[in-house]
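Scroll down for the structure; my scribbles are underneath it.
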Amino acid sequence: MDATVSVSYVPGWTVIAVTREYGRIGVDAVPADAAGLERVLPGEADAQAWARAEAVLKADGRGLTVDPAQVVVEEGADGWRAWIVEHPGDRDSTAEWRGWDLDGPEGVVAAIVVPR
């Protein structure tokens, strides 16, 4: 089986996620002090919310051709899960993703997802 790779860049760092177990994987890293995210994500968006949404969109394969506000995240006992809402009210319209927040260098937040 071939490896699946996802890459993210943040000033001074490159984050790479590699898997042979899953057909898709997404990783994203963002400066912890990223500002203005409330303009693209609903509610009180922060850098962690952005990293989660971006990781899901990378794993999905469509990236930012999909509005990041369509990514819904629910906290879980072991990480979080997410899906992309294609149409309002249609929660189960896409595959679900299982995600975790990563420990990154100081000033950087990161997230990784795989298919659920």
Side-chain angles (χ1 to χ4, degrees):
M1 175 188 259
D2 293 331
T4 302
V5 178
S6 183
V7 179
S8 184
Y9 304 96
V10 63
W13 298 94
T14 301
V15 179
I16 302 170
V18 180
T19 184
R20 287 186 178 190
E21 185 175 342
Y22 298 97
R24 294 181 178 232
I25 191 168
V27 68
D28 194 54
V30 183
D33 61 356
L37 299 173
E38 69 281 352
R39 289 180 278 188
V40 291
L41 293 175
E44 295 183 28
D46 60 8
Q48 193 67 63
W50 177 261
R52 289 172 171 184
E54 180 81 20
V56 169
L57 295 176
K58 286 180 177 182
D60 175 72
R62 294 180 286 169
L64 291 174
T65 63
V66 175
D67 181 353
Q70 291 177 245
V71 177
V72 176
V73 174
E74 281 185 358
E75 298 291 334
D78 178 28
W80 44 272
R81 65 186 188 123
W83 59 92
I84 300 169
V85 175
E86 301 291 342
H87 308 285
D90 188 13
R91 178 187 171 278
D92 297 319
S93 61
T94 66
E96 283 194 28
W97 303 94
R98 183 174 179 197
W100 301 269
D101 298 332
L102 303 174
D103 292 331
E106 186 173 336
V108 175
V109 296
I112 188 169
V113 297
V114 295
R116 186 165 169 87

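What you see below is based on every heavy atom in this structure, not just the backbone, and it leaves out hydrogens, waters and symmetry mates.
The pair R62-E86 meets the salt-bridge criterion, with a side-chain N (NZ, NE, NH1 or NH2) lying under 4.0 Å from an Asp/Glu carboxylate O. Taking 4.0 Å as the cut-off between side-chain N and carboxylate O, D60 and R24 do not count as a salt-bridged pair.
Going from atom CD of E75 over to atom CZ of R52 covers 4.0 Å, rounded to the nearest 0.5 Å. Interatomic distance, CD1 of I25 versus CD1 of I112, reported as 4.0 Å (0.5 Å rounding).
W13 and W50 fall into different hydrophobic clusters, defined by Ile, Leu, Val, Met, Phe, Trp and Tyr side-chain heavy atoms under 4.5 Å apart, directly or through other members. At a threshold of 4.5 Å between side-chain heavy atoms, the hydrophobic network of Ile, Leu, Val, Met, Phe, Trp and Tyr places Y9 and I16 in one connected group. Residues V114 and V15 share a single hydrophobic cluster, defined by chaining ILVMFWY side chains whose heavy atoms lie under 4.5 Å apart. Clustering ILVMFWY residues whenever any of their side-chain heavy atoms sit less than 4.5 angstrom apart, transitively, puts V5 in a cluster other than the one holding Y22. Put simply, V66 and W97 are part of the same group of oily side chains (I, L, V, M, F, W, Y) that touch within less than 4.5 Å, one to the next.
Between the side chain of Q70 and the backbone N or O of V85, at least one donor-acceptor pair lies under 3.5 Å. Side chain of Q48 to main chain of A110: a donor-acceptor pair is present (N/O by atom type, distance under 3.5 Å, no hydrogens or angles). Under the 3.5 Å distance criterion, the side-chain polar atoms of T4 are matched with a main-chain donor or acceptor of G23.
Of the options V56, V71, V72, a side chain to side chain contact (heavy atoms under 4.5 Å, CB included) to W83 is made by V72 and by none of the others.
Side chains of V7 and T14 form a contact here, defined as non-hydrogen atoms less than 4.5 Å apart. Using a 4.5 Å heavy-atom threshold, the side chains of V109 and D101 count as separate.
When all heavy atoms of P68 and L41 are compared, the closest pair comes out as O-CD2, 3.5 Å. Scanning all heavy atoms of the two residues, the minimum distance from V73 to A82 falls at CG2-CB, 4.0 Å. Residues S6 and V27 approach most closely at OG-N, 3.0 Å, considering heavy atoms. The two residues A47 and P31 come nearest to each other via the heavy atoms CB-O, 3.4 Å. When all heavy atoms are compared, the tightest approach of I84 to L57 is CD1-CD2, 3.8 Å.
Screening residues 28-37 for side-chain hydrogen bond (donor to acceptor under 3.5 Å, both in side chains), with sequence neighbours left out, gives S8-D28, D28-K58.
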